[in-house]
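Some notes on the structure that comes next.
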Amino acid sequence: MKYGMNNLVLIVGATCVGKTEIAIRLAKHFQSPIISVDSRQFYKELLIGTAVPSATDLNQAKHYFVSNLSIFDYYNASQFEQEAIDLISHLHKKHQTVIACGGSMLYIDVLCQGMDIIPAIDQLVRTDIFSLYKKEGIDPICQQLKIHDPVYYSVVDLKNHKRVIHALEVCLTTGKPYSMFRCGNKKKRPFNIIKIGLFREPLDLYKRINIRIDKMIKNGFLEEAYKVYPYRFLNSLNTIGYKELFRFFDGEYTLNFAIEKIKQNTRIYSRKQMSWFRKDKKINWIYPSNSGEFIISKLLRIIP
RNA sequence: GGUGCCAUAGCUCAGUUGGUAGAGCAACGGACUGAAAAUCCGUGUGUCCCUAGUUCGAUUCUUGGUGGCACCA
């Protein structure tokens with residue numbers, strides 16, 4: 001680590017592992033703000049179901065990217081990259097160490113190494129392609145992609161409609177193959193990044209997940225979800241917890257079944273997170289089952 | 001007590017005209033560059049309830065058990 005350089009201490013880990021508590025302890029130690037890297041805590045209408053930190057926790061340190069958007073806003077990882085990087089460089093003027101904390105895998109990677117620059121998609125192109133997909137399925141989209149970008153066509157998962165559709169959107173908007181923009185360059189950030197991963201054994205984690213979800217229900221998750229039920233078609237509401245409760249409101253699920261499904265899908269999500277994080281060799285893993293003081297003293301040995 | 005039906009993967013069930021078996025869900029693993037809590041992909045050894053018999057060979061047919069369900073007394 002270079003002397004005198006600014007730090008970004010990034011706390012990652014599966015949902016429910018206990019990131020918030022550690023982040024706040026560190027933030028208090030360094031007198032530093034916290035940047036949330038959680039793609040669902042952005043939305044101000046979603047509080048209980050996305051487990052945003054409590055009011056008390058939020059008062060312990062200045063938080064950014066929490067409740068900063070509405071469910072009606074369009075947002076993506078590239079926008080987050082720009083906003084977060086600008087904010088961090090601003091914060092580094094006052095704080096040598098800034099804390100970041102969250103579990104959204106793509107957003108974490110984008111924060112650390114950036115994303116390729118792609119022109120904004122034309123809205124007309126987007127709706128055209130989507131209605132074609134709705135009408136005729138993925139095949140005609142794949143065929144068009146084959147013509148416009150044979151390179152990407154040969155590597156993309158052709159069954160994953162989101163990838164295929166996006167690639168074609170870029171081709172048709174720009175008139176150039178999507179693979180031209182997709183170079184995968186990793187950006188160097190002008191600060192040290194210290195990645196800390198919190199790990200718990202699955203059974204321990206699953207127990208915490210169950211407790212948290214039961215608590216959410218007790219704290220009024222149903223009311224919160226019912227308020228946004230009319231807008232269920234929004235992407236921001238295609239979210240674990242909300243989507244299962246919507247099916248309960250539809251009469252398709254009983255409440256108990258919906259709650260079981262939320263727990264189950266949260267477990268699955270935690271495994272997907274771990275399968276992403278396992279590949280990242282820069283993460284320093286620690287076990288948060290130890291006492292808070294012990295962990296902080298251990299972390300301070302890692303952080304320059 | 002009598003009769004009938006059922007017993008196969010963690011669960012719900014297919015199936016094998018006798019050559020040791022497969023779907024859905026669950027579980028687990030993986031991918032991931034502008035919708036990412038999204039989206040997509042991969043993985044099935046299980047005493048085919050037990051016992052005895054027929055057979056080269058039984059999860060499959062027969063006998064007798066055990067358990068469950070239904071109907072009749």
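Owing to the predicted nature of the structure, the values given are computational and were not obtained by experimental measurement. Residue numbers start from 1 in every chain, and the chains themselves are labelled A, B, ... in the order their sequence lines are given, proteins ahead of strands. Scope of the values below: all heavy atoms of this structure, side chains included, with no hydrogens, waters or symmetry mates.
- With both ends at atom P, the span from A36(B) to C40(B) equals 14 Å, rounded to whole Å.
- Comparing the C1' positions of A35(B) and A26(B) gives a spacing of 28 Å, expressed to the nearest Å.
- Taking the P atoms as reference points, G1(B) lies 38 Å from G19(B), given to the whole Å.
- Note on Lys261(A): only backbone sugar-phosphate atoms sit closer than 4.0 angstrom, heavy atoms only; bases stay farther off.
- Using a 30° and 60° split on the angle between ring planes, Tyr152(A) and Tyr178(A) fall in the perpendicular class, above 60°.
- An OP1 or OP2 oxygen of A35(B) is reached within less than 4.0 angstrom by no side-chain nitrogen or oxygen of Tyr75(A).
- The nearest heavy atom of RNA chain B to Ile240(A) and to Asp116(A) marks one nucleotide each, and the one closer to the 5' end goes with Asp116(A).
- Atoms CZ (Phe246(A)) and P (A38(B)) sit 13 Å apart, rounded to a whole Å.
- Counting to the nearest Å, the C1' atom of G34(B) and the CG atom of Asn235(A) are 12 Å from each other.
- Taking atom CD of Gln79(A) as the reference point, atom P of A36(B) lies 10 Å away to the nearest angstrom.
- Using a 4.0 Å heavy-atom cutoff across all strands shown, Phe257(A) reaches no nucleic acid atom at all.
- Checked against the 6.0 Å centroid criterion, the rings of Phe65(A) and Phe80(A) qualify as a close aromatic pair.
- Nucleotides U16(B) and A21(B) are separated by 7 Å at their C1' atoms, to the nearest Å.
- Comparing Ile165(A) and Pro202(A) by the nucleotide of RNA chain B whose heavy atom lies nearest to each, the residue mapping closer to the 5' end is Pro202(A).
- In this structure, CG of Asp157(A) is placed 15 Å from C1' of U33(B), rounded to the nearest angstrom.
- Atoms CZ (Phe42(A)) and C1' (A36(B)) sit 11 Å apart, rounded to a whole Å.
- In the displayed structure, Gln82(A) atom CD is contacted under 6.0 Å by at most 12 heavy atoms of other residues, nucleotides or ligands.
- Arg182(A) comes within 4.0 angstrom of the backbone, heavy atoms only, and of no base.
- Within 6.0 Å of the OH atom in Tyr226(A), the count of heavy atoms belonging to other residues, nucleotides or ligands does not exceed 12.
- Within the structure, side chain to side chain donor-acceptor pair (under 3.5 Å) pairs that include any residue of residues 99-126 of chain A comprise Ser39(A)-Ser104(A), Asp109(A)-Trp276(A), Arg126(A)-Glu169(A) (at least two apart or interchain).
- Residue-level contact check: Thr15(A) touches neither bases nor backbone, having no heavy atom under 4.0 Å from any strand.
- An OP1 or OP2 oxygen of U33(B) is reached within less than 4.0 angstrom by no side-chain nitrogen or oxygen of Ser78(A).
- Residue His161(A) places none of its side-chain N or O atoms closer than 4.0 Å to OP1 or OP2 of U39(B).
- Using a 4.0 Å heavy-atom criterion, one finds that Tyr107(A) contacts the sugar-phosphate atoms exclusively.
- One interatomic measurement links the two molecules: CD of Gln273(A) to C1' of C32(B), which rounds to 14 Å at whole-angstrom precision.
- Residue contacts shown for Ile121(A) are absent, as no nucleic acid heavy atom lies under 4.0 Å away.
- When Phe221(A), Tyr229(A), Tyr231(A) are each tested for a ring pair (Phe, Tyr, Trp, His ring centres under 6.0 Å) with Tyr242(A), only one passes: Phe221(A).
- Side-chain N or O atoms of His148(A) include none that pairs as donor or acceptor with a backbone N or O of Leu172(A) at under 3.5 Å.
- Residue Asp109(A) is out of contact with every strand shown, counting any heavy-atom pair closer than 4.0 Å.
- For the P atoms, the distance linking G34(B) with G24(B) amounts to 31 Å, nearest Å.
- Residue contacts shown for Ile268(A) are limited to sugar-phosphate atoms, with no base heavy atom under 4.0 Å away.
- Regarding contacts with the backbone of U39(B), a side-chain N or O of Asn238(A) is found under 4.0 angstrom from either OP1 or OP2.
- Residue-level contact check: Gly49(A) touches the bases, meaning some heavy atom is under 4.0 Å from a base atom.
- For Gln264(A), a side-chain nitrogen or oxygen approaches OP1 or OP2 of A27(B) to under 4.0 Å.
- For Lys159(A) and A31(B), the shortest distance from a side-chain N or O to OP1 or OP2 is not below 4.0 Å.
- Counting heavy atoms from C-beta on, the side chains of Arg212(A) and Met216(A) come closer than 4.5 Å.
- Spacing between atom CG of Leu237(A) and atom P of A36(B) amounts to 12 Å, rounded to whole angstrom units.
- Environment of CD1 in Ile117(A): sparse, with no more than 12 heavy atoms of neighbouring residues, nucleotides or ligands closer than 6.0 Å.
- Of the side-chain N and O atoms in Tyr178(A), one or more sit less than 4.0 angstrom from OP1 or OP2 of G34(B).
- To the nearest whole angstrom, the two C1' atoms, one in A27(B) and one in U66(B), are 31 Å apart.
- Interface remark: the Lys272(A) side chain does form a donor-acceptor pair with the U39(B) base, using a distance-only criterion of under 3.5 Å.
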Determine which bases of RNA chain B form Watson-Crick or G-U wobble pairs with both distances under 3.5 Å, and write the result as a 5' to 3' dot-bracket string with | for other-strand partners. (((((((..((((.....[..)))).(((((.......))))).....((.((..]....)).))))))))).
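- Out of A26(B), U39(B), G34(B), the shortest distance to the side chain of Asn160(A) is found at U39(B).
- Taking the C1' atoms as reference points, U12(B) lies 25 Å from G29(B), given to the whole Å.
- The C1' atoms of U60(B) and G2(B) are separated by 28 Å, rounded to the nearest whole Å.
- Contact between Ile240(A) and Ile262(A) at its shortest, heavy atoms only, is CG2-O, 4.0 Å.
- A centroid separation of 6.0 Å or more is found between the aromatic rings of Phe199(A) and Phe277(A).
- Within the structure, every side-chain polar atom (N or O) of Lys162(A) is placed at least 4.0 Å from both OP1 and OP2 of C32(B).
- Looking at heavy-atom distances under 4.0 Å, Thr239(A) makes contact with a base.
- Summarising the geometry, the separation between OH on Tyr152(A) and P on C32(B) is reported as 10 Å, rounded to the nearest angstrom.
- Side-chain atoms of Arg163(A) come within donor-acceptor range of the base of A38(B), with a qualifying N/O pair under 3.5 Å.
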